[in-house]
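Let me begin by presenting the structure, written as structure tokens, before commenting on it.
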Amino acid sequence: MTNGCGCGCGTPSREQLLGMPAPRPAPAPSAPATGRHPIEQISVPAGTFTMGDSSGDRNRADGEVPRHEVSISALEMDATTVTNDAFARFVEDTGYVTEAESFGFSAVFHLAIAAAPEDLMGPASGTPWWAGVRGADWRHPGGRRSDLDGLGDHPVVHMSWNDAQAYCAWAGRRLPTEAEWEFAARGGIEGAKYPWGDAEVDEGGWRANIFQGDFPRENTLEDGYLTTAPGRSFAPNGYGLWQMVGNVWEWCEDWFHPAAYRRPGLRGEILDPTGPEEGQARVLRGGSYLCHISYCNRYRNSARSQNTPDSSMGNAGFRTVARREG
């Protein structure tokens, strides 16, 4: 199964990296909720918005239209994506082993690889700037020769959707639905392309962590980062949420389908939609440090991507939510 992204920052699935169906590792035990989730919470008010692309920059295969009215209940959302320090606390409490660790490999962008030649599994079909790297995981984002030194406040990466679910179970939280994510990303600005409005990402200085230069050969690092940036880089949106676009893709709760917005139940305003009831891939939102201003424009509020629930990659993490009481 391909990820269907059609852009450079869209990561191949685990099966694509292997060239065959991926053998399933033994499932990790469920972690009990302990309430030790350390990420600051931001109150996102209830509201109604128009979901979908209004800029005309949509990607046809992604299903960003038709636009439709959605109402969202009030939430508490992580101010940043879950960080390496936060995930380390979870692992210390539970002994959890991520799917990248269980499978023994994960996807790494070629300029970020830090591994011995024997650890390289070769380029991914169709996206040769991605490689399967043995030993790449959340503790070793570039491969065995990398570590988390100085990266405690950066987003944890090489997270599968299943890994994010395990963290949420421990934290007593959940992933945002796709509708909740988009409503929160907009920060109260109706119809805007980006969390800050319609100004382009490089207008008046960089506003998000994306790729600059000649993709995929050279990143000129104009925004200061080859891969991830600290969670509190650039500026938060109107709700106080940091880096809702760029930096890392964020897993959402929903199954992905390109015709999801055309479901009969979406005619007229709906409350707290949860997406299709089944599928093969889960939704990713927000783009990443590999989006490029010239062609991969999925660092927009309405942009959608997807991958299989057991796939992990060096540019994907997650943030969590909980329904606000009262």
### Query
Which heavy atom of V70 sits nearest a heavy atom of P273, and at what distance?
CG1-CD, 3.5 Å
### Task
Output yes when a side-chain donor or acceptor of R207 lies under 3.5 Å from a complementary backbone atom of E203, and no otherwise.
yes
### Query
When you measure from the side chain of H140 to the backbone N and O of W138, does any donor-acceptor pair fall under 3.5 Å?
no
#### Entry: From W242 atom CH2 to E40 atom CD, the distance as rounded to the nearest 0.5 Å
9.5 Å
### Query
Sequence neighbours excluded, which residues qualify as side chain to side chain donor-acceptor pair (under 3.5 Å) partners of D57?
K193
### Task
Please work out which of the three classes, parallel, tilted or perpendicular, describes the rings of F211 and F215, given edges at 30° and 60°.
perpendicular
### Message
Enumerate the salt bridge (Lys or Arg N to Asp or Glu O under 4.0 Å) contacts for residues 44-56, please, sequence neighbours excluded, ordered by first and then second residue.
### Response
D53-R58, D53-R300
### Query
Is a side-chain N or O of N307 found less than 3.5 angstrom from the main chain of W161, in a donor-acceptor match?
no
### Task
For residues I210 and C291, report the shortest heavy-atom separation together with the two atoms involved.
CB-O, 3.2 Å
### Query
Can you find a pair of side-chain heavy atoms, one from S233 and one from Y225, that are under 4.5 Å apart?
yes
### Query
Would R36 count as a cation-pi partner of F90, with NZ or CZ less than 6.0 Å from the six-membered ring centre and within 45° of the ring normal?
no
## Note on the structure
Closest heavy-atom pair, P230 versus N247, reported as atoms and distance to 0.1 Å, is O-ND2, 4.3 Å
### Message
Suppose clustering is done on Ile, Leu, Val, Met, Phe, Trp and Tyr with side-chain heavy atoms closer than 4.5 Å. Which residues sit in the same group as I113?
### Response
V108, L120, V133
### Message
Using only atom types and a distance under 3.5 Å, with no angle test, would you say the side chain of Q41 pairs donor to acceptor with the backbone of I39?
### Response
yes
### Query
Are the aromatic rings of Y299 and Y194 close, with centres under 6.0 Å apart?
yes
### Query
Would you say the side chain of V91 lies within less than 4.5 Å of the side chain of T98, judging by non-hydrogen atoms?
no
### Query
Under the side chain to side chain donor-acceptor pair (under 3.5 Å) test, which residues partner S125, sequence neighbours left out?
none
### Query
Hey, is the main chain of Y239 close enough, under 3.5 Å, to the side chain of N237 for a donor-acceptor pair?
yes
### Message
Using a 3.5 Å distance criterion without hydrogens, assess whether the side chain of Q212 forms a donor-acceptor pair with backbone atoms of D223.
### Response
yes
#### Entry: Donor-acceptor contact present, side-chain R282 to main-chain E253, <3.5 Å
yes
### Query
Could you go step by step and tell me if W181 and L175 meet the side-chain contact (heavy atoms from CB on, under 4.5 Å) rule?
CA-CA 9 Å; W181 190 97; L175 294 177; over 6 Å; no
### Message
When you compare the side chain of H257 with that of E277, does any pair of heavy atoms fall below 4.5 Å?
### Response
no
### Message
Run the side chain to side chain donor-acceptor pair (under 3.5 Å) test against D119 and tell me which residues pass, sequence neighbours left out.
### Response
R144
### Task
Return yes when atom CD of E200 has more than 12 non-hydrogen atoms of other residues, nucleotides or ligands closer than 6.0 Å, and no otherwise.
yes
### Query
Is the backbone N or O of E178 less than 3.5 Å from a side-chain atom of D254, with the two atoms forming a donor-acceptor pair by type?
yes
### Query
Parallel, tilted or perpendicular for F87 and Y96, by the 30°/60° rule?
perpendicular
### Audit row: S312, M159, side-chain contact (heavy atoms from CB on, under 4.5 Å) steps and yes/no
CA-CA 5 Å; S312 61; M159 293 287 103; 6.0 Å; no
#### Entry: Close aromatic pair by centroid cut-off 6.0 Å: Y167 and H37
yes
### Summary
Across all chains, not counting sequence neighbours, the side chain to side chain donor-acceptor pair (under 3.5 Å) partners of R139 are E101
### Query
Can you check whether D310's main-chain N or O pairs, donor with acceptor, with R14's side chain at less than 3.5 Å?
yes
### Task
Go through the side-chain N and O atoms of T320 and R173 and say whether any donor and acceptor fall under 3.5 Å apart.
yes
### Message
Test your reading of the model: is there a side-chain donor-acceptor pair from R285 to the backbone of N301, 3.5 Å cut-off?
### Response
yes
### Message
For a salt bridge (Lys or Arg N to Asp or Glu O under 4.0 Å) check, start with the C-alpha distance between E182 and R186, then their side-chain angles and the critical distance, and finish with the verdict.
### Response
CA-CA 6 Å; E182 184 171 327; R186 292 182 178 278; 2.9 Å; yes
